[in-house]
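Treat the numbers as computed from the prediction; the structure is a model and nothing was measured.
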Amino acid sequence: MSPTPWHAQSGESVVSALQSDQERGLQSDEADQRRRRYGSNEITSTPPPSTWSIAVLQLKDPMNLMLVAVAAVSIAIGEVPTAIVVAVLVVLNIVLGTRQELKARASVDALAKMQTPQARVIRDGNLIQLDATELVPGDIIQVEAGDIIAADGRLLASTTLETQEAALTGESTPIPKDPKTLENEDIPLGDRSNLVFQNTSVTRGTATMVVTETGMQTQIGQIASMLSAVAPGKSPLQRELDSLTKLLGIIAWTAVIVIVVIGLIRGQDLTTLLLLGIAMGVSAIPTGLPTFVQAMLAYGARQLADAKAVVKNLTDVETLGATSAINSDKTGTLTMNQMTVRSLYVHSRWYTVDGEGYAKAGRITQVAGETPPDFTLLAYGLCLDSDATVSDSGVVVGDPTEAALVVLAAKIGADAPLTRRTYPRVATVPFDSAYKFMATYHHLEVDGESQFVELVKGGPDVVLARCSSAFLPGRRQVPIEEVRDELTAANQSMSEKGLRVLAFAVRRLDGREDAVVADPMSFVEDLTFVGMAGIIDPLRPEAIDSVRTAHRAGIEVRMITGDHAITAAAIGAELGLGPGAVGGAELQAMTDDELSAALPNLHVFGRVTPQDKLRLVDVMQSGGAVVAMTGDAVNDAAALKKADIGVAMGSGSEVTKQAGKMVLTDDNFGTLITAITLGRNIYGKIVSYIRYQMSKLFSLVLLFLAASIFNINEGVALTPLMVLFQHFFITLFPVAVIMLDPPPPDLMNKPPRDPKLPIAHRSAVAQWLAYGVLQFAVTLAAMLLAPGEMSTTEANVPMTTAFVVLSLGSIFAGLTMRRDPESGLVPPVLGAVKILTIPTVVTVFAVEAGVLQDLLMTTSLTGAQWLVCLGWSLIIPVVVELEKAIRRHRIARAPAPLPATTAVAPARARHSSEGGTITR
């Protein structure tokens, strides 16, 4: 059922429909009955999954199930040490996975934990104060500046009411509110000026309202419902590792079947066949893959934390590297969420204002050669025609737009609090959205004498309509008609740049003080125009460079905001986002297919709702994009949860932080680009590790198949514990080398990787297989040519030789495969060599230490035999480096691809030629 359009009904009709009384409110017993019917005015939450349920899901992972099967068979044939080691590995995988999944997904809980405001409620004809949770539909409540709205409601009466709805709609400026009935039912949420919403704040004025919705029926509650309905999907890496695991399972069990069939044909006993199956299974299952990938992602997460980007789940680290589109909220993300005067038009001259946010430091510059400006009358208007205060540390009390005027006054050299104390108000016409201006009356010092002056501030059209004259340079006064066109053009120029324009005017009223006090509104006419101020929520200093870097990296950046499309388009142009701006109403009129087709020409979305943001993410994901969504307000939460990587700002709402997968603790959009860089680097390292690991696994599979087919060493090339020892104590250190390798300098000059291209694509598998064949051939040759008898029941030199060559070959392969196609032997290489000395020493101990000899079935080697093993092992890095050198030579001779930046520029030129910015 569609919600009731309260905004299209009169206040009296709403009160009647809710069976309430504007003067006396609800009776207490009626309120109790409604609370039982509607429930408390709070956000409900869903219970999080239990630890055990998460652990069971981890156990069901195909890789872990295969390892459990291996452990069970090991116990059945008496290979208890092997079973114990495999069981420990399974437990380790489950614990690591469960810890990551236990990260609280408490998006809805966070909504419930938002500070419960108090409400002044009329009950039984008395004004009382209650917790917001006690409210029910039909309650009559009163609000004033500084209050948090306790529930959704329809205004019944208001005086100069403005609310800050950025947390809900994303619009940065306060919204004027009044009880006037709106004729059209189909009005966007941000334009429903006679409604107020839960958890928004009152910045100005007072009002009486009737509660229309509470709890989950409020706009905040509907967002909570959307959060519950959005199921987070697997990351690209999770999906690819799942595919890889299936591939390896097929390879492993196909090999086991081949070995068992061959063994049955030969008449081998069941125990020997099961031992072969265990060894084959352990060698073909990448037992260390989940653990090592988790370790690499954890290392990436620590790097991100150092860069002030905190990820909740480790797999989100690599998702960053696949990001191909960023949907960024404007307010507080790309902008500072601090209203600032950027431009002045005073006495028919232009001035530029610099400085950031609410900092009072800044200059006002003008054209060289002009006479110094006289800002006396403007300064009076800035200080006295506003009520906000701004401390020297930038703390604002009051309306953000007025705060910008106070800061401008400070830059001119006027102290607002001192000016207000020196020149108190004699009379006031408070601001009201009905007439869109504010007027105050004071005794002021002008030109060395005291004068009774009226100061007016308001919308340019309204103020101009009440002016009969205007000041020119030198405060020369001329009829307004002589400069009206000029003033109108100046106003339009500021508006087209996305500035919110306020106009200032004065009137001298000496000797008419009594009449002014009696009826101040009647004197807001025959004014003299002073000037205009253009105000904007300024961009963060790093935002433009960050967008430029994203474009070089082939990442589309779009801005999504609650502001009107014309304002958003101007900011988008300053950022260099790209062509096209569209409003929420027209966005909602598009089908998903139409929106998908239009997206290349749309980079700015204004006046959007939370549902619009969620839909945009969904449409972009359907088109194959890996979407990062940034935001800091409650209205961003559902889209953040749906996005591949939801990025919450550290200063944002708690619900947004819980819904997002990453939190930028410094609110810096540039940190997101840094995080994407780190994500790309980590993914590159994961690819390098999988290349290294898969080459090793292929070599082991081929080694066991060859041993079984040709009956080498009774079909057993290595014992199961030898294979596990390799996974645990040898490959760990080459992985560390890969992890610590610095990123390539041109990382962000390349387009994002194709998320549809799996890790195990054809050319990658061919490379893994080629390197695996190389390691297999070297190991088999060393084994066959080693002196001594082969036996599966006692230690022997050929098996030990194979073990050593495989270990040393793995160490050298890790050094060379840490980069591709770049050489692994170029600096920095000394640190890698230091790390790789550890597994080299471990290999020596595994062969020469008595305890390890008994466990692994190895035997001591002579010095000559060690040198032979070293020689065989060195073949691997030499061949790998030669192959990479050949590929680099081919790449160097191939035509150079167009850089990412040139791919973006022509597209923008084409869009521009088709009609420029599409502004709705």
| field | side-chain contact (heavy atoms from CB on, under 4.5 Å) against R508, all qualifying residues, sequence neighbours excluded | value | E449, Q451, D510
Listed pairs under 3.5 Å, donor-acceptor, residues 436-444 side chains, sequence neighbours left out:
residue: T440; atom: OG1; partner: D385; partner atom: OD1; Å: 3.0
residue: T440; atom: OG1; partner: H442; partner atom: NE2; Å: 2.8
residue: Y441; atom: OH; partner: E454; partner atom: OE2; Å: 3.1
residue: Y441; atom: OH; partner: P520; partner atom: O; Å: 2.6
residue: H442; atom: ND1; partner: Y423; partner atom: O; Å: 2.9
residue: H442; atom: ND1; partner: P424; partner atom: O; Å: 3.3
residue: H443; atom: NE2; partner: E513; partner atom: OE1; Å: 2.9

Can you name the residues that form a ring pair (Phe, Tyr, Trp, His ring centres under 6.0 Å) with [X], not counting sequence neighbours?
X	answer
F471	H347
Y351	F375
F605	none

| Any residue meeting side-chain hydrogen bond (donor to acceptor under 3.5 Å, both in side chains) with Y345, in chain and number order, not counting sequence neighbours |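 So Y345 forms a side-chain hydrogen bond (donor to acceptor under 3.5 Å, both in side chains) with E486.
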| task | Return the set of residues passing side-chain hydrogen bond (donor to acceptor under 3.5 Å, both in side chains) with T488 (not counting sequence neighbours), or none when no residue passes. | result |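 T488 satisfies side-chain hydrogen bond (donor to acceptor under 3.5 Å, both in side chains) with no residue once adjacent residues are dropped.
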| query | Are L509 and V516 side-chain neighbours, meaning at least one heavy-atom pair lies under 4.5 Å? | reply |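 They are in side-chain contact.
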| Can you tell if the side chain of K613 reaches within under 4.5 Å of the side chain of M629, non-hydrogen atoms only? |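 The answer is yes, as the side chains (C-beta and beyond) meet within the 4.5 Å cut-off.
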| query | Any chance NZ of K360 has more than 12 other-residue heavy atoms, nucleotides or ligands included, within less than 6.0 Å? | reply | yes
| message | If you count heavy atoms of other groups shown closer than 6.0 angstrom to CD of E445, is the number above 12? | response | yes
Got a second to check how far [X]'s [atom1] is from [Y]'s [atom2], nearest 0.5 Å?
X	Y	atom1	atom2	result
I571	L334	CD1	CG	9.0 Å
L135	T218	CG	OG1	11.5 Å
L377	L382	CG	CG	11.0 Å
M649	D329	CE	CG	8.0 Å

| What do the steps show when you test T208 against R120 for side chain to side chain contact (heavy atoms under 4.5 Å, CB included), and what is the final call? | CA-CA 10 Å; T208 301; R120 291 183 295 280; over 6 Å; no
Please list, one pair per line, the donor and acceptor atoms closer than 3.5 Å that link side chains of residues 396-409 to other protein atoms, with sequence neighbours excluded.
residue: D399; atom: OD2; partner: T401; partner atom: N; Å: 2.9
residue: D399; atom: OD2; partner: E402; partner atom: N; Å: 3.0
residue: T401; atom: OG1; partner: R500; partner atom: NH1; Å: 2.7
residue: E402; atom: OE1; partner: D387; partner atom: N; Å: 2.6
residue: E402; atom: OE1; partner: A388; partner atom: N; Å: 3.2
residue: E402; atom: OE2; partner: R204; partner atom: NH1; Å: 3.4
residue: E402; atom: OE2; partner: R204; partner atom: NH2; Å: 2.5
residue: E402; atom: OE2; partner: K457; partner atom: NZ; Å: 3.1

Apply salt bridge (charged side-chain N to carboxylate O under 4.0 Å, His left out) to [X] and list each qualifying residue two or more places apart in sequence or on a separate chain.
X	answer
R342	E356
K411	none
D447	R475

List, one per line, each side-chain donor-acceptor pair under 3.5 Å for residues 523-534, sequence neighbours excluded.
residue: D526; atom: OD1; partner: S468; partner atom: OG; Å: 2.4
residue: T528; atom: OG1; partner: S469; partner atom: OG; Å: 2.8
residue: T528; atom: OG1; partner: Q477; partner atom: NE2; Å: 3.3

| Do D131 and T133 have side-chain N/O donor and acceptor atoms under 3.5 Å apart? |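 Side chains of D131 and T133: no pair found under 3.5 Å.
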| query | Got a donor-acceptor contact below 3.5 angstrom from the T159 side chain to the T206 backbone? | reply | no
